[in-house]
Amino acid sequence: MSAVVSAIVVDIEGTTSPTDAVRGELYGYTRQRLPEWLAENAGGVADEVVAGVRELADRPDADLDEVVEIMRGWLNADVKAEPLKTAQGYICAEGFRSGDLYGEFFPDVPPALTAWHAAGRTLYVYSSGSIRNQQDWFTFARDGKLSNLISGWFDLTNAGPKRDIASYQAIAAAVGVPAGEIVFLSDQADELDAAVAAGWQVVGVTRPGEPNLPREPHRWVTTFTELADLSH
């Protein structure tokens, strides 16, 4: 990078980790466990989730079975709905701790994160998945814990939608780093556009087999190994 780099913010799905691992493992586990989790946690956080689903779906009288079907439909369509992300965070937390789930990363990611951290770059995660899921994904990584490398976590709740300029402005304010010294790594061109509009540096990540395609004017890499300049 030609400018000063103080902080690096990474996306997860398609960037640090295979899309199939996120959607197949986390989504599949959530889809299976939803009915039981909602029933087991009635009277607590599940009630808040149900209320949120009814409001977003404009189905105020939806019973529990309909709520489950609505949420499963959101999973199938990859809808970034906060009630769904909240439930998924709790459900998958159980899966990570029981050994049913692990964080999966592209092989170039752990050594790159380790090198950037050692070089004094402050690392953050910004994903549409809940902070709880993010932290578990990095803590229970299949090849060893990575969460100790991360200084902060951002999601749709504490930052905002990933295509909104204001979300990147909020993150910059939260981490206390000038916008021009932050680099964002993502496979989504629309997210890169929003980050650039907020004054950030960006690099697109386009990995073989992943669904999202590169788009000008951004710089694109196929692995984090190509970003050795972030360590200097």
Side-chain angles (χ1 to χ4, degrees), residues 9-104 124-141 147 150 152-164 166-168 170-171 174 186 188 190-191 194:
V9 180
V10 298
D11 169 51
I12 295 178
E13 185 178 319
T15 301
T16 66
S17 305
T19 297
D20 285 348
V22 177
R23 297 189 184 181
E25 298 298 323
L26 295 191
Y27 286 25
Y29 193 82
T30 302
R31 188 178 291 107
Q32 178 182 5
R33 285 278 298 135
L34 260 174
E36 291 81 6
W37 183 83
L38 289 172
E40 291 167 1
N41 292 276
V45 67
D47 290 357
E48 299 174 15
V49 168
V50 170
V53 171
R54 287 171 174 160
E55 180 178 357
L56 281 179
D58 195 22
R59 296 288 299 166
D61 299 321
D63 62 17
L64 207 56
D65 289 340
E66 184 177 356
V67 167
V68 169
E69 289 311 305
I70 290 170
M71 295 177 77
R72 284 175 170 169
W74 286 345
L75 281 169
N76 294 341
D78 196 28
V79 174
K80 314 297 187 183
E82 287 192 26
L84 174 60
K85 294 300 180 181
T86 297
Q88 187 175 41
Y90 281 99
I91 291 169
C92 291
E94 299 171 0
F96 281 113
R97 284 156 182 78
S98 68
D100 291 334
L101 296 174
Y102 293 92
E104 304 284 356
Y124 300 91
V125 174
Y126 179 29
S127 171
S128 57
S130 69
I131 288 176
R132 179 186 292 267
N133 270 173
Q134 295 175 24
Q135 292 173 334
D136 285 345
W137 191 259
F138 278 71
T139 298
F140 297 95
S147 56
I150 307 301
W153 315 83
F154 296 94
D155 64 4
L156 303 181
T157 300
N158 71 342
K162 298 188 71 182
R163 297 182 181 184
D164 286 5
S167 301
Y168 299 89
I171 292 172
S186 174
Q188 296 272 1
D190 289 346
E191 296 175 3

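Atom set for the values below is all heavy atoms of this structure, side chains included, hydrogens, waters and symmetry mates excluded.
Considering CD of E191 and OG of S186, their distance stands at 3.5 Å, rounded to 0.5 Å. The structure places CG of L156 at 9.5 Å from OG of S130, a figure rounded to the nearest 0.5 Å. The OG1 atom of T19 sits 4.5 Å away from the CD atom of E13 when rounded to the nearest 0.5 Å. The structure places CG of L84 at 4.5 Å from CG of L75, a figure rounded to the nearest 0.5 Å. Atom OG of S98 sits about 4.5 Å away from atom OH of Y29, to the nearest 0.5 Å.
With hydrogens and angles disregarded, no donor-acceptor distance shorter than 3.5 Å links the side chain of Q88 to the backbone of G129. The closest donor-acceptor contact from the side chain of D155 to the backbone of I131 lies under 3.5 Å. No side-chain donor-acceptor contact under 3.5 Å links D164 to the backbone of A166. A donor-acceptor pair is defined here as one N or O able to donate and one able to accept, closer than 3.5 Å; such a pair exists between the side chain of N41 and the backbone of W37. In terms of modelled atom types and a separation under 3.5 Å, the side chain of E104 and the main chain of P18 share no donor-acceptor contact. Looking only at distances, no side-chain donor or acceptor of Y126 sits under 3.5 Å from a matching main-chain atom of I12.
A salt bridge is absent between E66 and R54: the closest approach of a Lys/Arg side-chain nitrogen to an acidic carboxylate oxygen does not fall below 4.0 angstrom. Here R59 does not pair with E69 in a salt bridge; the nearest charged N to carboxylate O distance is not below 4.0 Å. A salt bridge links R23 with D78: the distance from a Lys NZ or Arg NE/NH1/NH2 to an Asp or Glu carboxylate oxygen falls below 4.0 Å.
For the residue pair A46 and A42, the shortest heavy atom distance occurs at CB-N, 4.0 Å. Nearest heavy atoms, G160 versus S167: C-OG, 3.1 Å. Heavy atoms only, all atoms of each residue included: G52 and P83 are closest at C-CG, 3.6 Å. Taking all atoms of both residues into account, the shortest heavy-atom contact from R163 to Q188 is NH2-OE1, 3.8 Å.
Within a 6.0 Å radius of OH in Y102, no more than 12 heavy atoms belonging to other residues, nucleotides or ligands are found. Atom CD of E55 has 12 or fewer neighbouring heavy atoms from other residues, nucleotides or ligands inside a 6.0 Å radius. In the displayed structure, D58 atom CG is contacted under 6.0 Å by at most 12 heavy atoms of other residues, nucleotides or ligands.
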- Query: Are L26 and L101 close enough, and set up right, to give a side chain to side chain contact (heavy atoms under 4.5 Å, CB included), and what steps lead you there?
  - Reply: CA-CA 8 Å; L26 295 191; L101 296 174; 3.9 Å; yes
- Message: Could you walk me through whether L56 and W74 satisfy the side chain to side chain contact (heavy atoms under 4.5 Å, CB included) test, starting with their C-alpha distance in whole Å, then the side-chain angles of each, then the deciding distance to 0.1 Å, before giving a yes or no?
- Response: CA-CA 11 Å; L56 281 179; W74 286 345; 3.9 Å; yes
- Item | Stepwise side chain to side chain contact (heavy atoms under 4.5 Å, CB included) check, W137 with V22 | CA-CA 9 Å; W137 191 259; V22 177; 4.0 Å; yes
- Decide salt bridge (charged side-chain N to carboxylate O under 4.0 Å, His left out) for D190 and K162; before the verdict, give the C-alpha distance in whole Å, the side-chain angles of both, and the deciding distance to 0.1 Å. CA-CA 8 Å; D190 289 346; K162 298 188 71 182; over 6 Å; no
- Yes or no on side chain to side chain contact (heavy atoms under 4.5 Å, CB included) for S127 and Q134, after CA distance, side-chain angles and deciding distance? CA-CA 7 Å; S127 171; Q134 295 175 24; 3.6 Å; yes
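Side chains of V9 and V125 form no contact here, defined as non-hydrogen atoms less than 4.5 Å apart. Put simply, the side chain of T30 does not reach to within 4.5 Å of the side chain of M71, judged on heavy atoms. Side-chain atoms of P35 and E40, non-hydrogen and from C-beta on, never get closer than 4.5 Å to each other.
Both tests hold for R132 against Y90: distance to the six-membered ring centre under 6.0 Å, angle to the ring axis within 45°.
Classified by interplanar angle (parallel below 30°, tilted 30° to 60°, perpendicular above 60°), the ring pair W153/F138 is perpendicular.
Side-chain atoms of S128 and K80 include a donor-acceptor pair closer than 3.5 Å.
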